[in-house]
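Numbered from 1 within each chain, the chains take letters A, B, ... in sequence-line order. Just so it is clear, the values below take in all heavy atoms, side chains as well, and ignore hydrogens, waters and symmetry mates.
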Protein chains: 2
Amino acid sequence: MTTTGARRPTYHHGDLRAALLAAGTELARQGGPDAVVLREATRRAGVAPGAAYRHFADRDALLHAVSQAAQADVARAMEAELAAIADDDAHGRLRAVGLGYLRFAHREPGLFRVAFEVSADLADAANPVRAGDSGRSPFQLLSHALDGLVEARALAPDRRPGAEFLAWAAVHGLAVLLLDGPLRSLDDATRERAYADLLAMVEKGL
Amino acid sequence: MTTTGARRPTYHHGDLRAALLAAGTELARQGGPDAVVLREATRRAGVAPGAAYRHFADRDALLHAVSQAAQADVARAMEAELAAIADDDAHGRLRAVGLGYLRFAHREPGLFRVAFEVSADLADAANPVRAGDSGRSPFQLLSHALDGLVEARALAPDRRPGAEFLAWAAVHGLAVLLLDGPLRSLDDATRERAYADLLAMVEKGL
DNA sequence: ACAGCAGTGTGAACAGTGTCTACATGGACG
DNA sequence: CGTCCATGTAGACACTGTTCACACTGCTGT
């Protein structure tokens with residue numbers, strides 16, 4: 001997974017860039033952004049530290065790449081939840097993308113942090129479509145679900161372009177608070193009810 | 001500001017603990033959590049690196065202390081907004097604490113990040129009252145404002161204990177998205193309108 | 001087929017970091 | 001006045017990101 005997609009030169013290593021990205025992703029999964037240590041990634045790829053600089057300008061560039069891959073993972077999780085919902089159930093579709101987002105944050109806290117705490121990347125999250133990467137960004141999925149809801153019910157006739165951000169803000173904020181906030185240790189049922197309550201609040205408040 | 005309050009022994013340095021905390025806070029203000037570098041703090045205090053370990057067990061302990069101080073700053077900012085609102089204006093008081101929170105995040109992004117991105121601290125944010133520190137925590141202020149609103153209007157008769165978290169989630173999420181998200185560079189007027197919109201959404205959705 | 005070459009990985013080095021240890025110092029208190 | 005414990009120092013260690021000169025490798029053009 002997380003194949004770069006482009007060229008596959010098969011030089012000395014095979015595809016070091018992909019190997020470093022995979023190692024970085026594994027580190028991110030276990031320990032969040034700070035755990036993405038360049039030297040450790042090269043170690044796991046069985047390569048000297050300097051080799052990384054043939055593929056990434058910086059430790060930040062590696063972290064950036066891991067972050068983009070993690071954002072794609074979030075989007076995939078959202079789409080998976082979406083798959084079970086009928087196309088005309090606008091209410092359900094909004095709930096699904098929100099749930100996908102929140103559940104991913106709980107299931108993969110490290111990746112989630114890297115996806116959205118790496119500052120420069122959030123700016124990309126709302127951008128049209130990433131170059132090669134296939135799917136939509138998490139923000140686009142949420143925004144699209146909101147569009148559907150607005151069409152289905154005449155929910156907010158004067159819906160201004162910021163409404164999707166407000167919804168995202170609420171969902172993202174709950175995810176963060178559940179991640180390392182006062183609600184960290186919560187049993188599954190209560191947490192799931194918090195998801196539902198928040199999404200209801202968002203839908204009602206828009 | 002940020003005086004520890006307790007003993008002031010005037011040993012070699014005077015009060016190194018406070019000096020380190022001040023230096024750490026300044027570093028946090030400029031560069032967020034990663035910028036809180038123990039050695040740099042000792043350098044600014046004019047002291048050897050090892051000296052810090054007489055007052056903080058860890059770099060993490062220093063960061064933790066800076067985080068608590070920053071949380072107190074957030075609370076102060078919220079209370080400052082609250083001061084201009086009449087006691088019986090429950091609507092206005094909820095808005096005020098939310099605005100204080102959001103405006104602080106924009107004015108002091110580095111401190112805000114340290115206040116709420118340092119994982120272990122968020123758990124404390126909701127706790128009753130911190131040991132020596134005078135005022136309320138940001139969460140308590142928000143929760144209190146919500147209580148007022150519930151009393152004033154029979155807003156949510158079956159208000160479950162999680163409602164304040166949902167409101168906090170929405171406010172916090174917007175703050176984060178505005179900090180290093182796609183809305184980063186936004187003119188002041190638009191940003192303030194986003195604050196108002198979100199708080200309206202929260203109030204309507206509760 | 002062979003020389004060249006650009007892409008790729010190596011090894012050693014540098015500065016900077018957190019952290020530990022043995023040692024020095026100086027103010028407080030008997 | 002003398003002792004002692006809290007405080008600060010010096011130096012070391014392991015680790016990090018980053019850079020440099022160098023070595024290899026496999027494709028390219030003649």
Side-chain angles (χ1 to χ4, degrees), chain A residues 3-28 30-67 110 114 117-120, chain B residues 3-28 30-67 110 114 117-120:
Chain A
T3 50
T4 321
R7 64 269 156 76
R8 318 201 47 214
T10 314
Y11 284 109
H12 301 71
H13 174 98
D15 194 348
L16 181 56
R17 184 190 163 89
L20 290 175
L21 220 161
T25 299
E26 183 54 28
L27 291 172
Q30 295 181 359
D34 289 349
V36 178
V37 174
L38 198 143
R39 285 181 103 107
E40 176 64 21
T42 62
R43 224 170 285 138
R44 297 192 177 195
V47 103
Y53 290 84
R54 300 291 173 190
H55 302 272
F56 299 97
D58 238 43
R59 184 200 96 114
D60 245 43
L62 171 61
L63 192 57
H64 195 271
V66 173
S67 174
V114 172
E117 266 180 28
V118 178
S119 50
Chain B
T3 51
T4 319
R7 65 267 157 80
R8 317 203 46 216
T10 314
Y11 285 109
H12 301 72
H13 174 97
D15 192 348
L16 181 56
R17 183 189 164 89
L20 290 175
L21 220 162
T25 299
E26 182 55 27
L27 291 172
Q30 295 180 359
D34 289 348
V36 178
V37 174
L38 197 145
R39 286 181 103 107
E40 175 64 21
T42 62
R43 224 170 285 137
R44 296 193 180 195
V47 102
Y53 289 83
R54 300 293 174 189
H55 303 273
F56 299 96
D58 237 41
R59 185 201 94 115
D60 244 44
L62 171 60
L63 191 56
H64 195 272
V66 172
S67 174
V114 173
E117 266 181 28
V118 178
S119 49

Practice problem: Take the C1' atoms of the five end pairs on each side of the helix from C:dA1-D:dT30 to C:dG30-D:dC1, derive the two axes, and give their angle rounded to 10 degrees. | Solution: 0°
Self-check item: Distance in Å, A:Leu62 CG paired with A:Thr25 OG1, rounded so as to fall on 0.5 Å steps
Solution: 8.0 Å
Quiz item: How many angstroms lie between CZ in A:Arg54 and CG in A:Leu20, if you round to the nearest 0.5 Å?
Solution: 13.0 Å
Quiz item: Side chain of B:Ser67, backbone of B:Val114: donor and acceptor closer than 3.5 Å?
Solution: yes
Self-check item: Nucleotide D:dA6, atom P - distance to CZ of B:Arg17 in whole Å
Solution: 16 Å
Quiz item: Over how many whole Å does the gap from B:Leu16 atom CG to C:dG26 atom P extend?
Solution: 16 Å
Just distance, no hydrogens or angles: give the donor-acceptor pairs under 3.5 Å from side chains in residues 36-50 of chain B, sequence neighbours left out.
| unit_1 | atom_1 | unit_2 | atom_2 | d |
| --- | --- | --- | --- | --- |
| B:Glu40 | OE1 | B:Arg43 | NH1 | 2.5 |
| B:Glu40 | OE2 | B:Arg44 | NE | 2.9 |
| B:Thr42 | OG1 | B:Arg39 | O | 2.6 |

Exercise. Measure across A:Pro33 and A:Glu117 and return the closest heavy-atom pair with its distance rounded to 0.1 Å.
Key: CG-OE1, 4.0 Å
Quiz prompt | Qualifying residues under side chain to side chain contact (heavy atoms under 4.5 Å, CB included), relative to A:Asp58, sequence neighbours excluded | solution = A:Asp60, A:Ala61
Practice problem: Please report, rounded to the nearest Å, how far the P atom of C:dG27 is from the CG atom of B:Asp15. | Solution: 16 Å
Quiz prompt | A:His55 vs A:Leu16 side-chain heavy atoms within contact, under 4.5 Å | solution = yes
Self-check item: Atom pair distance, as rounded to whole Å: NE2 in A:His55 and C1' in C:dT10
Solution: 13 Å
Practice problem: If a protein heavy atom is under 4.0 Å from the base, mark B; if only from the sugar-phosphate, S; if neither, -; do that for nucleotides 13-24 of chain C going 5' to 3'. | Solution: B---BBB--B--
